[in-house]
Amino acid sequence: MQTLTIYNSLTTQKEKFKPLKDGYVGMYVCGPTVYSNVHLGNVRTFMSFDMIYRYFLHLGYKVRYVRNITDAGHLTDDASEDKISTKARLEQLEPMEIVQKYTVDFHQILEKFNFLPPSIEPTATGHILEQIKAIQTIIANGLAYEVNGSVYFDVLKYNETENYGVLSKRNIEDAIENTRVLDGQSDKKNPQDFALWKKAEPEHIQRWESPWGVGFPGWHLECTVMSTKYLGEEFDIHGGGMDLKFPHHECEIAQAQACNHVSPVRYWMHGNMLTLNGKKMAKSTGNNILPGEIFTGNNKNLSKSFSASVVRFFMMQAHYRSVLDFSNDAILAAEKGFQRLMDAIKLLDNLSPSNNSTVAIEKWKDRCYEAMNDDFNTPILIAHLFEGVKWINLIHSQKETISKEDLELLKSTINAFVFDVLGLEKESAAGNNSDKLDGVVELLISLRNQARENKDWALSDKIRDELLALGIQLKDGKEGTKYSIN
RNA sequence: GGCGUCAUGGCCGAGUGGCUAGGCAGUGGUCUGCAACACCAUCUACAGCGGUUCGAAUCCGCUUGACGCCUCCA
């Protein structure tokens with residue numbers, strides 16, 4: 001098995017990956033809060049971990065990949081603004097109807113982007129009992145207290161023996177000085193304390209019975225409970241967006257320590273933000289693009305529509321830990337590059353092997369793995385893949401040669417990385433009537449070729465130009481005329 | 001205000017103490033009836049100022065700028 005190196009946010013350095021159990025990987029990724037449509041920024045994080053999941057599978061690991069759906073806790077704001085319940089009441093919907101609506105949307109979008117489904121996709125509302133139990137444990141361990149029907153985690157007390165701030169590199173003393181005074185938090189001993197259980201006000205729709213009265217679970221608890229339940233008290237990888245590092249992931253560590261007396265995660269991984277116009281995409285600010293808008297091109301930032309694979313390729317061209325800025329120019333360039341890659345892959349099946357190779361496929365393959373083994377460096381991998389593209393083209397035009405064995409290796413390697421690991425998809429040229437369309441275009445091509453033989457340039461150009469106007473581009477080559485639909 | 005990350009050629013975006021990232025665009029060529037497409041080749045770099053070093057875009061310091069977190073956020 002390959003030796004992987006992973007950047008661990010907890011230690012802030014790259015470390016050799018050693019799973020708790022040889023050959024097995026336990027991975028937890030914080031999923032979406034399903035109160036509105038996923039935007040492209042959300043998709044990037046999940047896509048990074050989809051790629052990571054795919055690479056582990058490719059390497060032969062057995063992976064249990066848990067990605068939750070947050071359908072409680074986050075939905076409700078403890079201040080006066082409660083979007084979900086307001087919305088639910090306005091539209092006379094149950095909260096779970098909203099949850100269902102956006103969960104379905106989430107799944108549909110991910111499917112379009114060719115995501116592999118996780119092994120388990122648990123929900124917060126499905127684990128209320130476990131969360132209550134965890135709170136009881138934390139109280140019993142003296143690290144939480146009940147006030148007025150709510151339960152809070154005692155951060156200062158926890159910090160006496162543990163380090164609240166290990167992950168986010170925050171100093172709690174500084175935090176105390178700098179915390180703003182917020183209304184409605186008077187129940188807390190300290191502003192740093194966070195809610196494990198919140199008392200439900202009468203108008204609050206999502207509510208469950210608990211030893212502390214009717215209420216709902218706090219923001220951070222679900223991930224601790226569900227990761228522990230499905231992956232154990234200690235597991236290999238925990239992922240999520242950079243913006244979840246604090247407080248969310250910091251709180252998860254504290255909760256897990258308070259429950260199980262062990263640091264839960266071996267490797268913390270954080271994906272970086274996707275920006276739009278240089279600013280973070282966020283639902284709250286309106287600075288975002290919805291995936292659906294990309295597919296239709298219906299967004300003021302876009303000059304045309306783009307396919308899911310192009311978007312995926314665009315994102316894979318950047319490292320998951322780097323900020324990536326989305327723009328029309330950038331996605332346009334990615335589309336061309338993606339097309340070049342796909343065109344070369346189409347040529348692969350037509351290549352004829354020679355007795356020997358003038359290209360070093362085996363070494364090239366090793367470099368591809370090296371790139372991925374170095375903290376999932378997909379941009380480098382893609383650079384290597386383009387070296388493969390160049391070779392394919394040169395072999396095709398008989399300027400280089402390749403042996404039968406090397407050709408098989410080239411094919412299997414390209415296919416593995418492009419389709420299995422990066423998760424890209426070949427694009428279907430046309431819709432349902434592709435057979436008929438194909439026949440029509442072929443007919444026009446043969447008519448045009450007749451005209452060309454007769455040197456009737458007026459007619460041949462008319463056919464070519466008018467097809468182009470319809471988005472059908474004819475491509476004259478040595479082996480005749482082909483076409484593509486844009 | 002506190003903590004942190006980053007500044008790479010026209011654009012996007014990797015990486016590294018000395019040796020070509022890659023893609024897009026541009027330029028030159030091949031192909032073509034002319035084109036387009038495609039293919040081949042190729043030019044533009046490492047924010048600024050100091051320092052360490054035989055050598056730094058890469059390490060250190062400062063300056064400037066951008067972004068992220070500190071409040072729900074992938």
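Residue numbering restarts at 1 for every chain, and letters A, B, ... go by the order of the sequence lines.
- Under the Watson-Crick or G-U wobble criterion, with both distances below 3.5 Å, C54(B) is paired with G18(B).
- Atom C1' of nucleotide A14(B) and atom OH of Y320(A) are separated by 15 Å, given to the nearest angstrom.
- Every side-chain contact (heavy atoms from CB on, under 4.5 Å) that E400(A) has, sequence neighbours left out, goes to T358(A), V359(A), L394(A), I395(A).
- Considering only side-chain N and O atoms, N377(A) lies under 4.0 angstrom from the phosphate OP1 or OP2 of G15(B).
- Taking the P atom of each, G48(B) and C43(B) are spaced 22 Å apart, rounded to whole Å.
- Across the interface with RNA chain B, nearest-nucleotide mapping of D243(A) and K169(A) shows K169(A) to be the residue nearer the 5′ end.
- Figure legend: R321(A) and Y7(A) shown as a cation-pi pair, the cationic atom lying under 6.0 angstrom from the six-membered ring centre and within 45 degrees of its axis.
- Between K245(A) and G4(B) there is no side-chain polar atom (N or O) within less than 4.0 angstrom of OP1 or OP2.
- For the side-chain hydrogen bond (donor to acceptor under 3.5 Å, both in side chains) criterion with Y320(A), the lone passing option out of N377(A), N272(A), D375(A) is D375(A).
- No engagement by M242(A) is indicated, since no non-hydrogen atom pair under 4.0 Å with the nucleic acid exists.
- The side chain to side chain donor-acceptor pair (under 3.5 Å) contacts involving residues 44-54 of chain A comprise D50(A)-R54(A), D50(A)-R312(A), where partners must be two or more places apart or lie in separate chains.
- Of the two residues contacting RNA chain B, namely D343(A) and G41(A), the nearest-nucleotide position lying further toward the 5' end is that of D343(A).
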>> I'd like to compare against my own output: the B/S/- annotation of nucleotides 27-35 of chain B with a strict under-4.0 Å heavy-atom distance to protein.
In response: ------BBB
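- A cation-pi arrangement is not found for R67(A) relative to F49(A), the charged atom failing to lie both closer than 6.0 Å to the ring centre and inside a 45° cone about the ring normal.
- U42(B) and G26(B) make up a base pair, with Watson-Crick or G-U wobble contacts both under 3.5 Å.
- Atom CD of E222(A) and atom P of C72(B) are 14 Å apart (whole Å).
- Of the C1' atoms belonging to G61(B) and A56(B), the separation is 15 Å, rounded to the nearest Å.
- Legend: residues meeting side-chain contact (heavy atoms from CB on, under 4.5 Å) with N328(A), ordered by chain and number and at least two apart, are L302(A), S303(A), F306(A), I331(A), L332(A).
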>> So if I define the base as every atom that isn't primed, P, OP1 or OP2, how would nucleotides 18-24 of chain B read as a B/S/- string at a heavy-atom cutoff under 4.0 Å?
In response: ---BSBS
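- Spacing of C1' atoms, C59(B) relative to C67(B), comes out at 24 Å, to the nearest Å.
- We find that K365(A) and E362(A) are joined by a salt bridge, their nearest charged nitrogen and carboxylate oxygen being less than 4.0 Å apart.
- Contacts classified as salt bridge (charged side-chain N to carboxylate O under 4.0 Å, His left out) and involving residues 329-339 of chain A (residues at least two apart or in different chains) are given here: K304(A)-E335(A).
- Spacing between A7(B) and C46(B) at atom P, rounded to whole Å, works out to 14 Å.
- Atom name C1', nucleotides U20(B) and C73(B): the rounded distance is 41 Å, in whole Å.
- Between the CG atom of L467(A) and the P atom of C37(B) there is a distance of 16 Å, given to the nearest Å.
- At least one side-chain heavy atom of N393(A) sits less than 4.5 Å from a side-chain heavy atom of R340(A).
- In terms of the side-chain contact (heavy atoms from CB on, under 4.5 Å) criterion, residue partners of Q108(A) (sequence neighbours excluded) are, by chain and number, V104(A).
- A donor and an acceptor atom sit less than 3.5 Å apart, one in the side chain of K280(A) and one in the base of C73(B).
- Among the nucleotides G15(B), C67(B), C70(B), the one closest to any side-chain atom of P247(A) is C70(B).
- Using a 4.0 Å heavy-atom cutoff across all strands shown, G278(A) reaches sugar-phosphate atoms only and no base atom.
- Across C67(B), A14(B), C12(B), the shortest atom-to-atom separation from the side chain of F314(A) is found for C12(B).
- With both ends at atom P, the span from G28(B) to C69(B) equals 46 Å, rounded to whole Å.
- The interatomic distance linking Y28(A) (OH) with A74(B) (C1') rounds to 13 Å, in whole Å.
- Going from atom CE of M316(A) over to atom P of A14(B) covers 12 Å, rounded to whole Å.
- In the set C12(B), A38(B), A74(B), the nucleotide with an atom closest to the side chain of L324(A) is C12(B).
- One can place CG of N272(A) at 10 Å from P of C69(B), the figure rounded to the nearest angstrom.
- Remark: P of A66(B) and CG of N287(A) are 16 Å apart, rounded to the nearest angstrom.
- Between S322(A) and the phosphate of A14(B), there is a side-chain N or O to OP1/OP2 separation shorter than 4.0 Å.
- The stretch residues 4-14 of chain A participates, sequence neighbours left out, in these salt bridge (charged side-chain N to carboxylate O under 4.0 Å, His left out) pairs: K14(A)-D374(A).
- Heavy atoms of K399(A) sit nowhere under 4.0 angstrom from any nucleic acid atom.
- Straight-line distance from the NE2 atom of H39(A) to the C1' atom of A74(B): 7 Å, rounded to whole Å.
- Remark: U71(B) base-pairs with no nucleotide in the shown strands. Criterion, Watson-Crick or G-U wobble with two distances under 3.5 Å.
- Taking atom P on both G13(B) and U8(B), the two are 9 Å apart, rounded to the nearest angstrom.
- For the P atoms, the distance from A45(B) to C19(B) is 15 Å, rounded to whole Å.
- When Watson-Crick and G-U wobble pairs are counted only if both distances are under 3.5 Å, A66(B) pairs with U5(B).
- In this structure T481(A) satisfies the side-chain hydrogen bond (donor to acceptor under 3.5 Å, both in side chains) test together with D476(A), sequence neighbours excluded.
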